[in-house]
Student: 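Structure incoming, see below.
Chain A is the first sequence line, chain B the second, and so forth, proteins listed ahead of strands; every chain is numbered from 1. Everything numeric here is computed off the predicted structure, so don't read it as measured data.
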Amino acid sequence: MTTEVTTQPRRAAQASQKRKFMIEAIAVIAIALILIVLMPMLLTGFRLNLLGRFLALAIVALGIDLIWGFTGLLSLGHGIFFALGGYAFAMYLELNTLGEGQLPEFFGLYGVTEMPLFWQPFNSFPFTLLAIFLIPAIVAGLLGYLVFRNRIRGVYFSILTQAALVVFFNFFNGQQKLINGTNGLKTSTSMFMGQQVGSDGMRMFFYISTVIALIAMYALCRWLTSGRFGRMLVAIRDDENRVRFSGYDPTAYKVLVFAVSGAIAGVAGALYTVQSGIISPQVMDIAFSIEMVIWVAVGGRATLVGAILGAVLVNMARSLLSERFPDVWLFFQGALFLIVVTALPDGIIGWGRRQFGSAVSSTLGLAPTNLPYLDDSPEPEAVVETPEFADK
Amino acid sequence: MLEGLIGGLFNGISIGAVLLIVALGLAIVFGLMGVINLAHGELMMFGAYTTFVVQNVAKSMGGIAPEIYVFAALPLAFVVSALLGLLLERTVIRYLYGRPLETLLATWGVSLILIQLIRSISWPMVIGLVIFATLFLIGRWALTRYTDWDRISQWANPIFLGLSVAIAAVVSFLVQSSGSSQFVRPWFGAQNVDVTPPSWLRGGVAIGSALQFPYARLFIIVLTILCLVAVYWFLNGTAWGLRIRSVTQNRGMSACLGIPTERVDALTFALGSGLAGIAGFAVTLLGSVGPNLGGNYIVDAFMVVVVGGVGKLVGSIVAALVIGIVTYLVGSGTIALILPPTAFFQPAIDFFNFFATTSMAKVMVFALIIAFLQVRPAGLFPPKGRSVEL
Amino acid sequence: MVTRFNRRKFLVYGSATLGTSMLLKACGGTTTTDTGEADGGTETAAADGETIKVGILHSLSGTMAISETTVVDAEMLAIKEINAAGGVLGKQIEAVTEDGASDWPTFAEKAEKLIDQDQVAVVFGCWTSASRKAVLPVFESKNHMLWYPVQYEGQECSQNIFYTGAAPNQQIEPAVDWLLENKSKDFFLVGSDYVFPRTANTIIKEQLAAKGGNTVGEDYLPLGNTEVTPIITKIKAALPDGGVIFNSLNGDSNVAFFKQLQGAGMGPDQYPVMSVSVAEEEVRQIGTEFLTGHLASWNYFQTVETPENEKWVADFKAEFGDDRVTNDPMEAAYIMVYLWKQAVEAAGTTDIPEVRTAAYGQEMAAPEGPVTMNPNHHLSKTVRIGEVMDDGMFNILWETDGPIDPEPWNQFVPDTIGFACDWSDPAKGGKFEI
Amino acid sequence: MSTKVLDIQDVTVSFDGFKAINHLNFSMDEGELRVIIGPNGAGKTTFLDVITGKTKPTEGAAYFKGQDLRKFKEHEISRLGIGRKFQTPRVYLNLTPRENLDLSCNRDKNVFATLFKKAPPAEKRTVSGLLETIGLDHKADIPAALLSHGEKQWLEIGMLVAQSPDLLLVDEPVAGLTDEETEQTGNLLMSLAESHSIVVIEHDMEFVRQIARQVTVLHQGSVLCEGTMDEVQNDPKVIEVYLGKETTLTPEQMLLLRIAATMAWADDNFADVQQEVILDRLSRRFAHNPDEQASLRDDLKDLLAKEIPLEELVPQLTTPAQREEALMLSYEVISANQINQSEAVVYQKLLTMLNLPPDTVSRLEAAAREALAASN
């Protein structure tokens with residue numbers, strides 16, 4: 001870490017900030033245009049659909065980045081929120097396809113003759129739209145409140161979210177009669193706005209929706225992480241006690257940011273579901289939720305672009321690698337975890353910044369960036385502390 | 001009624017004993033070193049596969065060997081897993097001390113590699129690995145000795161790594177395509193393998209008319225107790241145990257006092273891993289042995305550690321037994337049976353019957369754990385003192 | 001053509017420096033694949049038209065890999081044999097294998113890839129019902145064809161799938177009848193917590209109710225769970241004096257279940273277990289010590305005495321090693337390749353609609369005995385009940401006189417009584433009232 | 001009588017039976033600057049924990065301006081007007097000093113206010129002013145992780161002031177600072193004391209002397225005595241506590257022991273005979289009767305440290321006598337068994353670092369050889 005002291009006056013810094021914002025906005029719009037206009041021309045339907053799914057996964061990566069990269073809470077349970085969003089949308093589609101008074105087909109298999117109560121509201125599209133955000137947010141908020149209230153954090157939080165994931169998996173998997181258990185809900189033959197979800201037109205629609213949602217979520221996260229609130233998140237990550245003794249209640253902040261992160265995952269789940277054609281308890285597999293974390297780590301935590309980049313790249317690699325060498329994928333993925341943790345803690349973005357950062361920013365006329373992802377505990381005293389509740 | 005009670009207690013304890021023996025190594029590694037070892041399950045798997053290999057050797061020897069192979073398998077499972085753990089600690093974990101979240105991710109990566117390793121390990125692959133290791137290590141050694149290593153390490157390291165991998169991969173590929181099918185076949189493959197306990201562990205001792213305690217369960221309970229005693233003795237009665245405890249308390253001070261902390265770390269991790277090996281051996285008596293063996297146990301084991309509180313063995317013991325008994329009572333529907341079948345209790349009975357399947361019992365147990373943590377956020381036996389309170 | 005060269009180079013470098021080049025390839029791949037060229041990575045793909053590509057879609061990794069890899073072996077053996085005998089329509093068959101990774105959305109993704117990108121003529125694949133249900137919409141929306149080799153719960157009859165495993169009336173129902181007659185009237189149902197056991201048990205309960213048996217209890221274990229103590233307690237409480245345990249557990253749980261059943265002192269004389277997911281391969285993994293005397297119901301056992309079976313078992317062992325065994329899903333997978341080949345040859349083309357029509361009525365002398373493809377896309381098959389012997393093989397206790405016709409819509413479940421399926425008649429289709 | 005700003009009434013805090021604070025009574029007036037001293041484990045930090053709500057008293061109560069602090073959570077106590085600086089500097093490393101101060105300065109600490117409201121210009125001015133006060137205006141926009149230890153300490157004090165509390169609790173503000181920085185910190189605290197009530201916990205007696213008007217001495221969880229610095233220093237109870245009989249080892253002994261042990265470890269082989277020499281010489285040197293010698297030997301034996309770099313140890317030897325002693329002991333240790341290559345190298349290093357005249361060295365070496373011969 002080089003100490004690059006910038007002594008420039010504040011005004012220049014502000015100008016640089018403004019300019020940075022402009023450049024960023026232009027870049028986002030340019031990328032959106034490339035994704036929406038150029039990609040469909042370049043890619044086959046199959047590949048475009050894949051890209052759409054990856055972008056949906058990139059949205060969940062944004063959520064993970066918010067809670068982990070910025071706030072320092074490693075959630076291994078985002079599969080829950082992803083699934084909740086997916087199920088909410090799939091339930092609506094299932095009902096939307098049916099005629100008046102009909103029941104979804106699978107109910108017949110288990111001898112259910114009356115629609116369970118909780119299915120009823122999903123007849124309404126506005127409700128579903130809200131539910132995609134709100135149900136994951138509420139579940140996350142509640143879980144977060146119960147956990148954070150007791151100052152359970154660090155690895156304890158991770159383990160508990162993982163356990164919650166297992167529980168939700170068991171619940172969804174076991175409740176055949178309510179939500180079709182292991183089989184999950186299919187969406188590709190369902191109707192949406194008068195068209196089949198799996199049809200080419202609808203796919204294009206969902207692809208574009210995903211791009212737009214991604215940009216919207218990016219903007220949301222950008223807004224959250226800049227300004228005082230964002231600094232607060234970083235402060236909580238750096239030193240929660242200090243935050244508390246400065247008069248803030250970190251629990252409220254953490255609950256809010258966890259809920260937002262859950263809602264983002266819910267949106268991702270809904271968009272992923274319609275593009276992959278099925279939502280099943282499998283998305284609450286332990287491995288899947290840990291993978292989400294590694295996307296963020298590969299891209300570079302605490303950088304929103306990194307989260308998106310990581311999600312898309314890792315999934316692309318997975319898709320292609322497992323097509324060609326199915327055996328190798330696990331080795332590759334395992335190695336990825338190791339490399340990111342040991343050799344590339346700042347991910348691709350951090351590495352890129354270190355290599356080319358100054359060159360890029362000087363071309364763009366920006367102040368040099370010097371923001372390595374500093375370790376949670378760079379102080380030698382803090383390194384020996386016991387991990388859990390311990391905090392000297 | 002009494003029989004039911006004893007039976008229930010025994011079954012709960014036997015579930016708890018399995019949880020405990022699985023969680024024991026985890027509790028040591030987590031409690032003493034602050035390392036979240038998600039590869040613990042895979043270390044168990046290696047213990048189980050060691051048992052499988054020992055069993056096959058015993059079977060081929062014939063005679064009395066298949067009846068007593070467990071006594072060879074047990075220490076070997078310990079040793080194999082401990083060595084693997086040692087390797088893991090030396091190559092990965094030691095760079096990550098004090099960063100539990102990083103250890104969590106890294107060990108998850110390790111677990112993926114281990115799972116795929118056990119699936120696809122074969123002679124060509126072993127040859128490849130050995131070639132890689134030799135080339136890389138010898139090359140590095142030669143370079144460091146005869147060149148100005150510091151100057152060239154920047155570019156030489158990756159090149160050397162790439163070169164060794166490439167040569168190893170090519171050789172391994174050539175062997176793969178030229179060898180006889182028997183030779184190139186994976187050793188274990190993706191299938192589950194069959195580990196059969198010796199006949200004396202297969203039956204059960206009958207008590208009364210309706211009760212039978214399976215020998216395998218009794219054996220595991222005894223094994224768990226022995227492990228506990230051994231661990232307790234090791235930590236509290238030996239010089240190395242003292243060192244481990246002192247490093248846990250204060251690493252910096254211990255180092256100043258001449259305790260080789262690195263060796264202590266390696267030893268502790270190896271001990272935890274070895275216990276995973278023993279747990280792996282134990283579960284072969286009950287369940288299947290396959291590449292995915294570890295994943296079935298790891299989350300439950302972590303729950304035990306969390307509920308028990310970090311760094312206290314007694315916490316883990318109590319937590320494992322309580323979780324075991326609750327799981328059993330809920331899962332087998334005993335609670336619903338105990339309640340008197342009157343109208344007053346009917347809602348409660350319906351409620352418990354809803355949870356009286358193995359899947360739903362897990363849901364219930366987790367809800368209880370969350371509720372418990374509201375009261376005791378630091379577990380049953382939280383470490384006390386100024387330094388640990390927020 | 002530039003892209004071809006790059007692809008090659010990538011393969012070479014790929015093995016050396018996996019990390020980065022894979023990522024590069026990923027980027028390269030996505031932008032160039034729409035040339036529609038062969039993507040199988042094999043030599044023969046070069047000259048288009050000389051081979052017929054077929055897709056093999058099973059889990060090569062994940063929990064289901066254990067079972068599904070054996071089926072892949074059987075399919076590859078059939079393809080190899082067909083190729084050695086001159087191929088189909090004078091062309092060699094080229095298999096494109098994809099890994100479903102035990103993950104249902106991945107199955108759907110890979111199915112789409114096989115159809116759109118590799119342009120395969122047919123897909124052989126899937127094991128779990130969930131994976132089949134996941135790919136079903138893909139095959140239906142693209143009007144493509146899947147051959148599915150595993151016994152399943154029925155209640156489905158898609159125009160785009162051919163089912164070569166047993167429907168419930170070709171496995172579960174005869175087994176229940178046989179048990180009622182020969183063992184006991186009291187049944188405890190144990191299954192893994194997913195769709196096949198749940199549906200199978202629904203059928204069994206209806207059947208028992210109709211035929212005078214009792215369902216004394218049922219319980220489900222999460223996939224992969226090995227703690228079966230609570231279930232064993234429940235069985236003991238529900239069947240204090242013995243009775244039949246009808247077992248549709250899958251994979252790992254079976255091992256734990258049988259090991260601990262024996263530990264609890266519940267032997268086959270008092271508590272015979274009838275399994276519908278335990279075949280020769282599983283017997284090996286569980287250990288014969290725990291299984292001897294227990295029962296299984298299948299259409300095929302390795303011990304079936306037909307000349308076709310003797311030849312097949314010998315060929316299989318020659319190919320994959322002496323210690324390998326054959327079982328029902330493998331046999332179903334093996335014959336489905338042949339049945340498809342027959343249909344293609346009868347149709348004279350690989351075009352899906354023609355092949356589909358030509359498949360109806362195709363007969364074959366299979367290892368399990370004669371089989372016939374019905375217009376309801378299921379096979380007529382012989383049903384057998386076997387008892388596990390010390391050597392891990394099955395002693396066939398009973399078998400039907402001839403092949404039983406399949407009933408995809410179950411005739412015990414109230415919702416589907418009186419329904420059938422016939423795709424040869426457009427008026428009838430997938431579900432019509434008789 | 002005016003309300004006390006802080007009033008601790010008969011507070012006890014016990015961890016598993018161990019009483020970190022034992023029936024402590026303490027009070028201070030508005031505007032007072034109070035220094036609390038006491039040996040390690042006296043309960044100083046726990047005392048602050050009780051005030052800030054980090055630890056709840058097992059018995060007794062703490063009042064801030066008449067409000068019972070037991071009823072509040074940490075962040076609420078902070079909002080009441082109590083600010084705390086930790087022992088090690090606790091600042092947000094990934095934020096810049098400006099952002100650090102901005103967060104502390106924020107008046108409305110509610111989640112949604114933080115999210116939606118912009119910082120008012122008045123707060124921005126306060127932050128700029130503070131940056132100047134703590135001398136970090138030229139480093140205001142780099143991550144705080146890049147600041148020096150002293151700068152971090154100052155930043156944390158700045159954050160404390162930004163909160164504009166009525167009572168400041170400052171835990172060891174000058175630990176690890178240079179003399180100059182220490183003095184500046186003292187001045188800073190003095191100037192703050194004009195408008196705030198302050199409690200300072202400190203070890204550094206020089207520093208205490210600089211700032212203290214009123215001193216409280218804690219020992220084993222209760223107040224030992226209170227008074228001005230001079231009163232306290234001459235109080236026999238305090239002397240006893242500070243020079244207490246419990247610890248038999250002095251820093252000087254420790255230093256010698258460590259140097260000797262490092263020499264013995266030089267060849268990675270700590271021979272028994274080397275240990276014998278160290279224990280023998282040191283116990284005889286520092287204890288006078290056989291009983292004391294034996295007990296000292298036991299104490300020493302547990303402390304044979306492995307290789308602490310000589311670079312850290314040697315500069316701590318202040319007097320020539322100590323240096324000579326260290327040299328002689330080291331020579332004895334390495335000559336106790338065969339001197340080998342690596343031991344010789346380390347010994348040469350020690351020699352250069354000690355920088356003793358050559359004739360002294362040879363004299364000491366001779367003496368050492370004699371001593372060894374005598375003991376054999």
Student: Hey, mind stepping through A:Gln162 and B:Val299 against side-chain contact (heavy atoms from CB on, under 4.5 Å) and telling me if it holds?
Tutor: CA-CA 8 Å; A:Gln162 187 171 61; B:Val299 176; 4.1 Å; yes
Student: Side chain, backbone, both or neither: which part of B:Val363 has a heavy atom under 4.5 Å from chain A?
Tutor: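 For B:Val363, backbone and side chain are both near chain A.
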Student: Counting heavy-atom pairs closer than 4.5 Å to chain A, which one of B:Leu117, B:Val92, B:Ile115, B:Ile369 comes out on top?
Tutor: B:Leu117
Student: How long is the gap from CD1 on A:Ile159 to CZ on B:Phe302, to the nearest 0.5 Å?
Tutor: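 These two atoms lie 5.0 Å from each other.
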Student: Calculate, to the nearest 0.5 Å, the distance between atoms CD1 and CG belonging to B:Ile370 and A:Asn150 respectively.
Tutor: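 B:Ile370 atom CD1 to A:Asn150 atom CG measures 9.5 Å (nearest 0.5 Å).
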Student: Count the heavy atoms belonging to other residues, nucleotides or ligands that lie under 6.0 Å from CZ of B:Phe136, then report whether that count exceeds 12.
Tutor: yes
Student: Measure the shortest side-chain to side-chain distance between B:Trp108 and A:Val293 over non-hydrogen atoms and say whether it is less than 4.5 angstrom.
Tutor: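 No. Closest side-chain heavy atoms not under 4.5 Å.
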Student: Taking it one step at a time, do A:Phe171 and B:Lys362 satisfy side-chain contact (heavy atoms from CB on, under 4.5 Å)?
Tutor: CA-CA 9 Å; A:Phe171 190 84; B:Lys362 282 201 163 186; over 6 Å; no
Student: Between B:Leu104 and chain A, with a heavy-atom cut-off of 4.5 Å, which part of the residue counts as in contact: side chain, backbone, both or neither?
Tutor: side chain
Student: Side chain, backbone, both or neither: which part of B:Ile36 has a heavy atom under 4.5 Å from chain A?
Tutor: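 Side chain of B:Ile36 only, per the 4.5 Å heavy-atom cut-off to chain A.
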Student: What distance separates B:Leu114 CG from A:Phe331 CZ, expressed to the nearest 0.5 Å?
Tutor: 9.0 Å
Student: Considering only heavy atoms from C-beta outward, does the side chain of B:Leu101 approach that of A:Trp68 to under 4.5 Å?
Tutor: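 SC-SC contact between B:Leu101 and A:Trp68 confirmed.
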Student: Based on non-hydrogen pairs under 4.5 Å, which of A:Ser158, A:Gly334, A:Ala297 is most in contact with chain B?
Tutor: A:Gly334
Student: Below 4.5 Å, heavy atoms only, C-beta onward: do A:Tyr156 and B:Val306 meet side chain to side chain?
Tutor: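 The answer is yes, as the side chains (C-beta and beyond) meet within the 4.5 Å cut-off.
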Student: Do A:Leu330 and B:Ile113 have side chains that approach each other closer than 4.5 Å (heavy atoms only, starting at C-beta)?
Tutor: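 Side-chain contact under 4.5 Å: no.
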Student: For the atom pair CD (B:Glu102) and CG (A:Leu338), what is the distance rounded to the nearest 0.5 Å?
Tutor: 12.5 Å
Student: Out of B:Ala371, B:Gly109, B:Ser111, return the one with the most heavy atom pairs under 4.5 angstrom to chain A.
Tutor: B:Gly109
Student: Is chain B contacted by the side chain of A:Ile290, its backbone, both, or neither, given a heavy-atom distance below 4.5 Å?
Tutor: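 The side chain, not the backbone.
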Student: Between A:Ala164 and chain B, with a heavy-atom cut-off of 4.5 Å, which part of the residue counts as in contact: side chain, backbone, both or neither?
Tutor: both
Student: Show, in sequence, the C-alpha distance, side-chain angles and deciding distance for A:Leu160 and B:Leu373, and conclude whether the side-chain contact (heavy atoms from CB on, under 4.5 Å) test is met.
Tutor: CA-CA 10 Å; A:Leu160 281 178; B:Leu373 289 176; 3.6 Å; yes
Student: Can you name the nearest heavy-atom pair linking A:Val155 to B:Pro100, along with the distance?
Tutor: CG1-CB, 3.4 Å
Student: Side chain, backbone, both or neither: which part of B:Leu96 has a non-hydrogen atom closer than 4.5 Å to chain A?
Tutor: side chain
Student: With side-chain contact (heavy atoms from CB on, under 4.5 Å) as the test, would you mind laying out the steps for B:Leu105 and A:Val340 before giving the verdict?
Tutor: CA-CA 9 Å; B:Leu105 293 177; A:Val340 163; over 6 Å; no
